[in-house]
K.L.:
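Take a look at this one; I'll ask things after.
Fair warning: this is a prediction, and the values are worked out from it, not measured in the lab. Only heavy atoms go into these numbers, but all of them, side chains included; no hydrogens, no water, no symmetry mates. Proteins come first, then strands; the chains are lettered A, B, ... in the order of their sequence lines, and each starts at number 1.
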Amino acid sequence: MVTRIIFIIAYLVLAPIIGCILAGLDRKMSARMQRRVGPPILQPYYDVRKLFEKEKQAPTRFQDFYIIVYLIFLIGAGAIFFGGGDLLLVIFTETIGAVFLIVAAYSSNSPYAEVGAERELLQMMAYEPMMLLTAIGFYMYHGSFTVNDLVSADNMAFLPMIGIFFGFIYILTIKFRKSPFDLSMSHHAHQELVRGVTTEFVGRTMGWIEISHWFENIFILGFIFLFFCNGTVWGYVIGAIVCIVAYFLEVFIDNCFARMKWQFAFKSAWIVAIVLGVVNVFVLQLMF
Amino acid sequence: MGTITFLIIFPMIIAFILLAAKNDKARDMIVYVATAVIAAGSIVAAFQFIRSSGEFFTFDGEIIGYVMMVVEAGLAIYIIITGIKHKKYLASLLAIVQTPLMIWFEMKHGHGIEVQYNMYVDKLSVIMILIIGIIGSLICVYALGYMKDFQHHHAGEKDRRPWFFFVMFLFLGAMVGLVTSNNMIWMYFFWEITSLSSFWLIGYTRTEEAINNSFRALIMNLLGGLGFVVGIIILGIVFGTIELSTMLVYGTIYGDLVAIPAAFFAFAGITKAAQMPFNSWLLGAMVAPTPTSALLHSSTMVKAGVFMIIKLSPVLGISNFAGIMVMMVGGITFLFASCAAISQNNAKRVLAYSTIANLGLIVACGGVGTAEAVWAGIMLIIFHAITKSLLFLCVGTAEHHIGSRMIEDMDGLFVKMPRLAMCMIIGIAGMFLAPFGMLISKWATMTSFVDSGNFLLVGIICFGSAVTAFYWVKWLGKLSAVVANETSIEYDVHKSEIFVHITLAVLTIIVCLIFPLISTYTLVPYLEGAFGGVAAGLLSSSNMIIMVIMLAVLVLLAAMFFGKSKKEQVPIYLAGVNTGDNRTYYGSMQKEVEFTLRNWHMESIFGEHKMNVIGDILTTAMLVIGIGYVIATLVSLLGGVA
């Protein structure tokens with residue numbers, strides 16, 4: 001119990017820091033790929049600090065409530081994950097957060113925010129099956145949904161779940177909102193939707209949303225880590241390395257692709273989930 | 001026992017009184033008192049039987065049996081005549097086939113079969129009685145105000161409300177009978193009454209569309225009724241019993257054999273639960289006044305279908321063909337009905353598809369037939385009954401006040417009818433969002449599907465839940481949009497409607513908070529009786545507690561922060577050309593243009609017709625293969641005996 005609490009506290013403290021640095025490295029690396037110098041590594045932090053100094057504004061009285069729920073449940077999902085909780089519970093809790101972000105965007109009744117919200121919703125529908133299949137794959141292989149059991153498992157799940165692994169990597173692009181699937185909110189504000197789902201969030205609210213992304217990225221990478229746990233230190237080391245590689249793979253993909261249409265994002269994500277996910281689940285069923 | 005008899009007879013007596021009551025005031029009084037009595041009666045029944053581990057009643061049935069037979073024959077004649085009158089010969093034909101078949105069986109074989117217990121009450125019946133007694137009663141109360149408006153909107157037409165309330169109460173009585181019958185012939189009797197009641201309710205407005213749709217419902221349910229009769233005959237002749245409990249006991253020994261009548265009963269359940277390919281009758285039922293839909297979808301009719309399947313679940317399962325048929329029909333229906341809901345704009349059709357999908361999930365749970373799956377299935381029944389009735393009744397009120405049942409016309413409902421919008425939001429959240437009930441049940445369903453060893457169902461539920469979230473959130477978004485410069489039009493909503501909305505919304509939250517108790521005190525004992533123990537597959541108590549905490553946090557946050565922001569309110573972003581009222585912008589030549597926002601229906605991917613065709617083909621194939629296999633087994637068995 002005590003270790004669990006320590007892990008949760010460590011997550012709450014470290015995740016935004018690591019997430020922030022990763023975001024900074026992301027920008028630096030993207031800049032270098034585009035032959036720019038790029039901002040300092042801590043630029044995301046400076047940006048957020050500046051956002052917190054802005055005037056307190058909102059388009060409606062109700063936005064704050066939705067955003068508070070979003071933050072608490074999104075960060076809570078990570079806390080359940082790092083506290084060794086149930087993977088499905090993590091996914092469902094995260095979904096509450098995601099839904100409230102979407103509702104917050106809808107509540108402003110702004111065309112830009114609403115189109116962004118609908119696209120965010122589409123992305124949710126695109127990645128959700130693969131997320132669930134990932135959790136189910138772990139359960140079928142290790143016989144447990146709880147992160148606690150999965151971390152201390154004896155065998156590495158990577159090879160038997162290789163289809164699910166690559167399926168998960170595929171939807172990671174959607175979850176990180178990277179090009180070619182940055183439909184709902186591009187990191188670059190020069191697009192047709194302005195800032196998509198986040199158009200109507202300003203100042204402090206926007207700052208919190210940035211921070212929440214740092215939290216979110218870290219515990220999504222945690223899923224990748226789980227594929228490599230085999231009860232030895234080496235499993236953890238490999239897991240951590242693959243997490244970092246996966247993150248920068250996403251940055252690389254982000255820089256190599258133009259945005260695709262929503263039809264492609266949706267259909268391809270589902271086809272991947274069927275071909276890699278469901279088939280892998282079937283194979284796991286035959287194995288055990 | 002007295003309470004149960006009372007709960008069957010009393011609504012029927014009230015029904016006849018209401019048939020005579022032509023006066024609004026008198027009707028209001030009778031309905032208020034009667035529903036209070038029925039709700040109280042169901043709670044008393046719950047307290048009476050909650051401690052027992054299931055009680056059986058002999059209930060001397062000789063005379064009752066004859067009365068039922070006479071009524072059945074009368075109803076059959078009625079169906080035959082009405083069918084011919086409206087040129088719906090298929091309905092007449094089905095009645096001509098099944099009722100004589102039933103009477104022949106009762107005369108020839110029925111008397112030789114000793115029936116020990118005609119009725120029973122176990123924890124599952126208690127849950128069903130509570131749903132019927134409380135939710136059903138609330139819907140009747142709501143109907144009082146609604147039907148006044150309805151009559152007002154249809155001025156000049158004959159006031160048929162006495163007939164409407166007659167059928168509503170008849171329905172409630174029949175439902176209680178259905179969930180407490182142990183004698184399958186008795187159950188069949190109540191089954192047929194519910195089929196006919198829904199036929200009358202759907203055809204209430206007597207328009208051409210209503211009549212066509214009501215006959216479609218009747219024909220499909222008579223087809224199911226035929227399956228029921230065949231099931232009874234096989235059960236009676238091959239196994240020498242017509243008791244449900246005996247059948248289930250035989251099932252523990254001769255699982256494969258009992259699967260034969262079970263497949264026919266399950267077929268009846270599938271038609272009544274509006275599973276594909278029979279889902280069109282429930283969609284057609286939308287022509288009726290909203291309380292009808294609420295009643296059919298939440299506490300009666302379709303719940304009779306899933307009740308049957310849940311009851312049969314111990315003899316289903318992946319090991320026999322009946323089980324595979326049932327779980328696949330349910331699973332396929334869940335997936336394709338959910339997809340079809342995306343393309344719908346009509347709020348009632350979205351609700352209908354969502355009902356069909358959720359019933360699909362319950363049917364699939366019953367088909368999987370493990371204690372864990374059935375736990376999830378019963379939880380789905382409970383949560384679905386409350387939230388779906390809430391949503392239907394909210395849509396009904398919205399329709400009378402904004403003049404449309406289209407979701408796209410619910411722009412700004414949050415400002416126009418804040419209280420109603422809040423109830424709707426709670427209902428929608430209850431339908432798919434953690435930590436509300438449906439999600440809890442879906443979670444349990446998911447784990448039980450994984451354990452069932454049917455990977456297709458696992459895939460189906462993963463994709464199905466993603467789709468479910470999509471169509472609910474886009475509706476939720478529409479409701480929560482704060483549209484500027486609208487004023488509340490909520491002042492003239494009937495008090496009875498408000499009362500029912502709020503009661504159901506509160507009930508949604510309370511049941512989610514106390515569901516671990518419901519599980520411990522009703523579901524687990526029931527499952528222990530039916531399955532001889534609950535394996536460790538249920539949701540762990542720590543997860544249940546986390547869910548309850550999450551809901552408490554959500555409610556608390558709402559109380560603390562909802563609408564209480566002190567931030568400066570600024571206009572929305574409209575590319576710098578917002579005229580300032582957040583609804584219009586300066587177009588070319590400085591012309592003021594009002595914008596409208598519309599949701600996404602993805603007709604090209606999730607078109608209703610396409611989803612129905614695929615779903616119908618797949619489920620029909622499953623039914624044909626399943627029933628065909630069962631008949632083949634039966635024939636080879638009988639041949640072997642001879």
K.L.:
With only heavy atoms counted, which part of A/Leu89 is less than 4.5 Å from chain B, the side chain, the backbone, both or neither?
P.N.:
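Both parts, backbone and side chain.
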
K.L.:
Can you find a heavy atom in the side chain of B/Asn582 that is under 4.5 Å from one in the side chain of A/Asn109?
P.N.:
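When only atoms from C-beta onward are counted, A/Asn109 and B/Asn582 do not touch, as no gap falls below 4.5 Å.
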
K.L.:
What residue in A/Met140, A/Gln63, A/Met125, A/Gln263 has the most heavy-atom pairs under 4.5 Å with chain B?
P.N.:
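Of the options given, most contacts go to A/Met125.
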
K.L.:
Is there side-chain contact between B/Val482 and A/Pro59, with heavy atoms separated by less than 4.5 Å?
P.N.:
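No, every pair of side-chain atoms sits at 4.5 Å or beyond.
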
K.L.:
At a heavy-atom separation under 4.5 Å, does B/Met547 approach chain A through its side chain, its backbone, both, or neither?
P.N.:
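The side chain, not the backbone.
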
K.L.:
Rounded at 0.5 Å granularity, tell me how far CD in A/Gln57 sits from CD in B/Gln569.
P.N.:
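These two atoms lie 11.0 Å from each other.
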
K.L.:
With respect to chain B, which residue among A/Val281, A/Leu133, A/Val115 yields the maximal number of heavy-atom pairs within a distance under 4.5 Å?
P.N.:
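Most heavy-atom pairs under 4.5 Å with chain B: A/Leu133.
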
K.L.:
By a 4.5 Å heavy-atom criterion (distance strictly below it), what part of A/Ala58 contacts chain B: side chain, backbone, both, or neither?
P.N.:
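For A/Ala58, backbone and side chain are both near chain B.
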
K.L.:
In terms of heavy-atom pairs under 4.5 Å, which option from A/Ser108, A/Gly76, A/Ser110, A/Pro111 contacts chain B the most?
P.N.:
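When all of A/Ser108, A/Gly76, A/Ser110, A/Pro111 are compared, A/Pro111 has the most.
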
K.L.:
What option among B/Ser465, B/Gly459, B/Ala558 has the most heavy-atom pairs under 4.5 Å with chain A?
P.N.:
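Among the listed options, the one with the most contacts to chain A is B/Ala558.
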
K.L.:
Among B/Leu476, B/Leu439, B/Leu574, single out the residue with the greatest number of heavy-atom pairs under 4.5 Å to chain A.
P.N.:
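Option with the top pair count is B/Leu439.
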
K.L.:
So does A/Trp262 have more than 12 non-hydrogen atoms from other groups sitting under 6.0 Å from CH2?
P.N.:
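Correct, the count exceeds 12.
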
K.L.:
Hey, is CD on A/Glu55 packed in by over 12 heavy atoms from elsewhere, all under 6.0 Å?
P.N.:
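Check fails, neighbour count at 12 or below.
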
K.L.:
Taking every non-hydrogen pair under 4.5 Å, which of A/Trp270, A/Phe73, A/Tyr66, A/Tyr139 racks up the most with chain B?
P.N.:
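Highest number of heavy-atom pairs under 4.5 Å: A/Trp270.
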
K.L.:
Return the option, out of B/Ser542, B/Ala429, B/Pro571, B/Ala481, with the maximum number of heavy-atom pairs under 4.5 Å with chain A.
P.N.:
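That would be B/Ala481.
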
K.L.:
Ignoring hydrogens and geometry, is there a side-chain-to-backbone donor-acceptor pair from A/Glu200 to B/Tyr573 under 3.5 Å?
P.N.:
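At least one qualifying donor-acceptor pair exists.
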
K.L.:
Of the backbone (N, CA, C, O) and the side chain (C-beta and beyond), which part of A/Glu114 lies under 4.5 Å from a heavy atom of chain B, both, or neither?
P.N.:
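For A/Glu114, the contact with chain B is made by the side chain alone.
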
K.L.:
In this structure, which one of B/Phe436, B/Trp443, B/Phe432 forms a ring-ring contact (aromatic ring centres under 6.0 Å, His included) with A/Phe92?
P.N.:
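Running ring-ring contact (aromatic ring centres under 6.0 Å, His included) over B/Phe436, B/Trp443, B/Phe432 with A/Phe92 returns exactly one hit, B/Trp443.
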
K.L.:
Describe, in one word, how the ring planes of B/Phe562 and A/Phe62 are oriented to each other, choosing from parallel (under 30°), tilted (30 to 60°) and perpendicular (over 60°).
P.N.:
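Tilted: the ring planes of B/Phe562 and A/Phe62 meet at 30° to 60°.
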
K.L.:
Pick from A/Val103, A/Leu132, A/Leu121: which one has the most heavy-atom pairs with chain B under 4.5 Å?
P.N.:
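Going by pairs under 4.5 Å, I would pick A/Leu121.
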
K.L.:
Taking every heavy-atom pair that is under 4.5 Å apart, which of B/Asn578, B/Leu456, B/Asn543 has the most such pairs with chain A?
P.N.:
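Option with the greatest count: B/Asn543.
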
K.L.:
Looking at every heavy atom in both A/Tyr106 and B/Asn599, which two are closest together, and how far apart are they?
P.N.:
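Taking every non-hydrogen atom into account, OH-OD1, 3.0 Å.
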
K.L.:
Side chain from CB out, backbone as N, CA, C, O: work out which of these in B/Ile460 comes under 4.5 Å of a heavy atom of chain A, or both, or neither.
P.N.:
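Contact with chain A: none, neither part.
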
K.L.:
Please confirm whether the ring centroid of B/Tyr585 lies under 6.0 Å from the ring centroid of A/Tyr112.
P.N.:
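Aromatic pair excluded; centres sit 6.0 Å or further apart.
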
K.L.:
Considering only heavy atoms from C-beta outward, does the side chain of B/Phe470 approach that of A/Glu128 to under 4.5 Å?
P.N.:
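When only atoms from C-beta onward are counted, A/Glu128 and B/Phe470 do not touch, as no gap falls below 4.5 Å.
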
K.L.:
Less than 4.5 Å to any heavy atom of chain B: does that hold for the side chain of A/Ala104, its backbone, both, or neither?
P.N.:
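For A/Ala104, no heavy atom lies under 4.5 Å from chain B.
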
K.L.:
For B/Lys564, which atoms come within 4.5 Å of any heavy atom of chain A: side chain, backbone, both, or neither?
P.N.:
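For B/Lys564, the contact with chain A is made by the backbone alone.
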
K.L.:
Using non-hydrogen atoms only, which part of B/Phe595 is less than 4.5 Å away from chain A: side chain, backbone, both, or neither?
P.N.:
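Side chain only.
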
K.L.:
Check each atom of B/Leu479 against the heavy atoms of chain A and say whether the ones under 4.5 Å are side chain, backbone, both or neither.
P.N.:
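Contact with chain A is absent: no heavy atom of B/Leu479 under 4.5 Å.
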
K.L.:
Between B/Ala466, B/Ser604, B/Gly464, B/Ala575, which has the largest tally of heavy atom pairs under 4.5 Å with chain A?
P.N.:
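The candidate making the most pairs under 4.5 Å is B/Ala466.
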
K.L.:
Which heavy-atom pair separates B/Ala469 from A/Met124 by the least distance, and what is that distance?
P.N.:
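For B/Ala469 versus A/Met124, the nearest heavy atoms are CB-CE, 4.1 Å.
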
K.L.:
Check A/Thr205, A/Asp64, A/Thr60 against B/Ser565 for a side-chain hydrogen bond (donor to acceptor under 3.5 Å, both in side chains) and give me the one that passes.
P.N.:
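Exactly one pass, corresponding to A/Asp64.
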
K.L.:
Hey, which of A/Ile68, A/Ile102, A/Val278 has the most heavy atom pairs under 4.5 Å with chain B?
P.N.:
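Ranked by heavy-atom pairs under 4.5 Å with chain B, first place is A/Ile68.
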
K.L.:
Specify the closest pair of heavy atoms between A/Leu122 and B/Met602, including all atoms of both residues, with the distance to one decimal.
P.N.:
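Closest approach of A/Leu122 to B/Met602: CD1-CE, 3.1 Å.
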
K.L.:
Can you confirm whether A/Ile136 sits close enough to B/Phe455 that some side-chain heavy atom of one is under 4.5 Å from a side-chain heavy atom of the other?
P.N.:
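Heavy-atom side-chain distance check fails, nothing below 4.5 Å.
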
K.L.:
Can you tell which part of A/Ile274 gets under 4.5 Å to a heavy atom of chain B, answering side chain, backbone, both or neither?
P.N.:
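For A/Ile274, backbone and side chain are both near chain B.
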
